[in-house]
Amino acid sequence: MRIAFFLLSLACAWGQLNRPALGLMLDSGGAARPVFGLPGSISLGDPAAAGVLSSACSATLCLMKTDAAIVSQGQSTSAPPGRALFAFDPTGAYIYFPDARQLAHWQNGQLRSVDFDVAGEVLSIRASGGNVEFAVRREGGIWIVRSGNLVAEALPRDARDAMLLDGAILFSSSENIVLRRPDASAIRFPLAHAKSFSSLGTGYVQIRAEGSTYALRVDAGHEQLFLLPEPAP
Amino acid sequence: MKYILWILAPLLAHAQLTLFTVDGTNQTPVSAVYDFGTVASGTTASVQFRVFNTGNAPVTVTPLLNNGQTGPFSIASVSGANPCTGPNGLVCVQFTIAFQAPVQTQTNHYSASLQVASPTTSAINVLLTATAIPAPVLEGFPPGCSQSGANSVAFVQVNIGSQGLCNFSLQNPNAVPVAISTIAVTGDAAFQGPQNIQTPLTLSPNEAVTFTIQFHPRCGTVNYAGALVINSTSYPLSGTGITPPLPTPAFNFDASRFSSMEQHTLTLSLPSPAVCGATGNVNLGFKPSVNVADDSTIVFVSRTSRTLGFTVAAGSTQVLIDTKSSAVFATGSTAGNIAFSVSGTQPALAGTPPSASFTIAPTAIVIDTATASNQRLGDLDVEVIGFDNTYSAGKMSFTFVDASGNTIGSPITADFTPNFQSFYTGQQSGSTFLIRVSFPVEGNQTLVAKVTATLINSAGQSQTGSLTFQ
């Protein structure tokens, strides 16, 4: 193929350097802190916000839930009290408020209520093709459902908690956490008593277990569980 | 010692009052003289007296000793039903007289007057006598202990976890027998005994008995004080416990080879159980082998710290680091030497403090992820996330390929060394980087299909593999 009108200029090539950022972690003191580096060489930044109950980051956006607001890039939007579950989509994010059992869509600092019909305790949400999928705990186990209680799949009966990821499901059992892909392949990580999952950033999940904070790298080919630092006292 | 002589009334059975001594349930009428007998130096003999009203009229009774003057005799515990009526067999007044034998080394005699008086009857007057004799001689002797002054015994120092044993001799130096009613240990529970002797006993003139007392020092206490009480004489005991040193712990790692960008676990173990609980610190140190001051990401991760406290429970070989059985540390992203040490142990270590170290070798740039983007009009972007533990990155080359797989021109080289040096200057949080290299393009940039980037540092070169522009 002929490369017409194509010109690369060595003189014009330029490089921009930054520290790689994994995302935003919730430290044990309730502060949201940026996490820099790579597994094995992690450093924490100064708190981005205090009194944060939940947080999540996509490649371009971080959302934090305080007791009564959604905070992003210095902008605060009133929201139902309590923690929140997030699911990013191309226009913003779906946000579920477990205490109020309300679902909303956040876009440019505005919250719009979204109707849904799902029974059970919602553990996680995921945006999928314009819809929202829910991981719900019901009697008999954890199920992945869509609004209207349409069941997509079930998790093993010993699953204790679950998080819906882009292209994977993460769930915990008493001694392990399991990353399951759509092709049913699964990677098992030994981690006992994992009790909460939250989004750290693109490709990373924050996990609390027995007084320690871990991160799981979930992007295919790079799966790795590692300990996250807590701020020095 | 002279007796103090008193003019005694001719009869003890006065008109209304009678005086008895009480020994348990036995009552004995008191005559004009009451002798307490021999009392060992430093000990006390006590006698209980009772007064009865044998007349018909009520009477108020007051016992008085030496007209109220003090001495080795003393009166106490006066009780009764004053004024008491009679004769009904009820105790009118009851009181105790004690004779405290002064501490002395020879035999002495003592006396005092007891007057049981009433406003309406004749008083009862009794001469009280007592003979104070030297106390039995106590001696603690080596090897378990020694005299440490007048009537004091010091145990030799004993390792905590072991037991000290002191042999005692108790001898009666008097020409008369001495009754030993009690031999007991008081004070700190580290002193236990006596063993090999039973009381009460009577020591014949010049007779000696032996017995032992044990000393069990415990963790957390160095100096101990107690007393050996024989009859009512107290002999101070002292002892010192020696805390055994902490067996020197050994470092154990979950791997034998270490590289940058890893997390590993460290455990500490003792070769033998710690006798006492112990505390200390385990330290991590890092010395870069490249031109950078430090890498703050090389830490014990849980607390972002290079020092963690540890504890050992008494009787255990397990060392808990920051309350956990192991500690996770990160190897960071800088070449150099990571060393581990132990400090501040309480108690001190039995041997040379342990140490361990390993080298993080310089490596070619490690590429974590790399992507290529043609989404910006007029630019081709190549983004690489990785680390350079030599801090010498900068030189790169890029080979572009068209959709047919043909290389476009020659590889383009670039030197971003100044950019990297500027990026690393002043920061000590490791060598991880995200570099976005942009190539301004004229023409149809979608004709460029793929790119391979080569990154070079002082340890070698690395390639991204073929990245598809998308």
Side-chain angles (χ1 to χ4, degrees), chain A residues 1-22 25 27-28 33-46 59 190-192 201-204 208-215 217 219-222 224-233, chain B residues 259-263 295-305 323-324 328 330-334 366 368-369 380 385-387 389 396 398 400 402-404 406 408-409 412-414 416 419-420 422-424 427 429-445 447-448:
Chain A
M1 174 178 254
R2 181 168 171 265
I3 308 300
F5 307 111
F6 174 68
L7 179 63
L8 287 168
S9 169
L10 168 62
C12 293
W14 61 283
Q16 182 182 5
L17 276 161
N18 283 300
R19 284 193 290 172
L22 304 190
M25 75 171 280
D27 70 26
S28 55
R33 291 176 178 271
V35 182
F36 298 106
L38 289 168
S41 186
I42 296 286
S43 59
L44 300 181
D46 293 332
L191 183 63
T202 303
Y204 292 91
R208 289 203 183 278
E210 295 207 315
S212 296
T213 306
Y214 296 84
R217 190 171 186 180
D219 50 327
H222 291 99
Q224 180 184 3
L225 180 69
F226 56 98
L227 190 65
L228 277 176
E230 285 284 353
Chain B
S259 302
S260 285
M261 203 58 65
E262 295 174 344
Q263 287 190 348
D295 181 344
S296 64
T297 70
I298 300 175
V299 289
F300 291 114
V301 180
S302 62
R303 292 189 181 271
T304 319
S305 170
T323 74
K324 295 184 171 63
V328 174
T331 59
S333 52
T334 304
V366 174
D368 182 77
T369 55
L380 293 175
I385 295 174
F387 70 91
N389 74 0
M396 300 181 188
F398 300 86
F400 294 90
D402 64 22
S404 301
N406 300 314
I408 303 172
I412 294 177
T413 59
F416 296 111
N419 305 58
F420 274 93
S422 174
F423 173 67
Y424 287 137
Q427 69 139 317
S429 54
S431 67
T432 58
F433 64 83
L434 181 159
I435 186 167
R436 184 174 294 114
V437 182
S438 298
F439 297 88
V441 178
E442 292 181 9
N444 184 356
Q445 64 193 66
L447 297 177
V448 183

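This one's a predicted model, so the numbers in the text were calculated from it and none came from an experiment. Residue numbers start from 1 in every chain, and the chains themselves are labelled A, B, ... in the order their sequence lines are given, proteins ahead of strands. Side-chain atoms are counted along with the backbone in the values below, which use heavy atoms only and exclude waters and symmetry mates.
- Ranking B/S260, B/S302, B/G430 against chain A, the residue ahead of the rest is B/S302, based on heavy-atom pairs under 4.5 Å.
- Neither the backbone nor the side chain of B/S296 has a heavy atom closer than 4.5 Å to any heavy atom of chain A.
- With values rounded to the nearest 0.5 angstrom, B/K324 atom NZ is found 13.5 Å from B/F300 atom CZ.
- Interface residue A/I42: only backbone heavy atoms are found under 4.5 Å from chain B.
- Counting heavy-atom pairs under 4.5 Å between each of A/A21, A/P39, A/G221 and chain B puts A/P39 at the top.
- Contact of B/F433 with chain A is made through backbone and side chain together, with heavy-atom distances under 4.5 Å.
- Evaluation of the side chain to side chain contact (heavy atoms under 4.5 Å, CB included) rule for A/A220 yields A/R181, A/E223 as partners, not counting sequence neighbours.
- A distance of 3.5 Å separates OG1 of B/T334 from CG of B/D295, quoted to the nearest 0.5 Å.
- Here CG of A/L191 is found 8.0 Å from CD of A/E210. Values are rounded to the nearest 0.5 Å.
- Within the cation-pi definition used here (under 6.0 Å to the ring centroid, within 45° of the axis), A/R217 does not qualify as a partner of A/Y204.
- Heavy-atom distances place both the backbone and the side chain of B/F420 under 4.5 Å from chain A.
- In this structure, chain A has a heavy atom under 4.5 Å from the side chain of B/T369, while its backbone stays farther away.
- For A/Q16, the side chain to side chain contact (heavy atoms under 4.5 Å, CB included) partners two or more places apart in sequence, or in a different chain, are A/W14, A/N18, B/R436.
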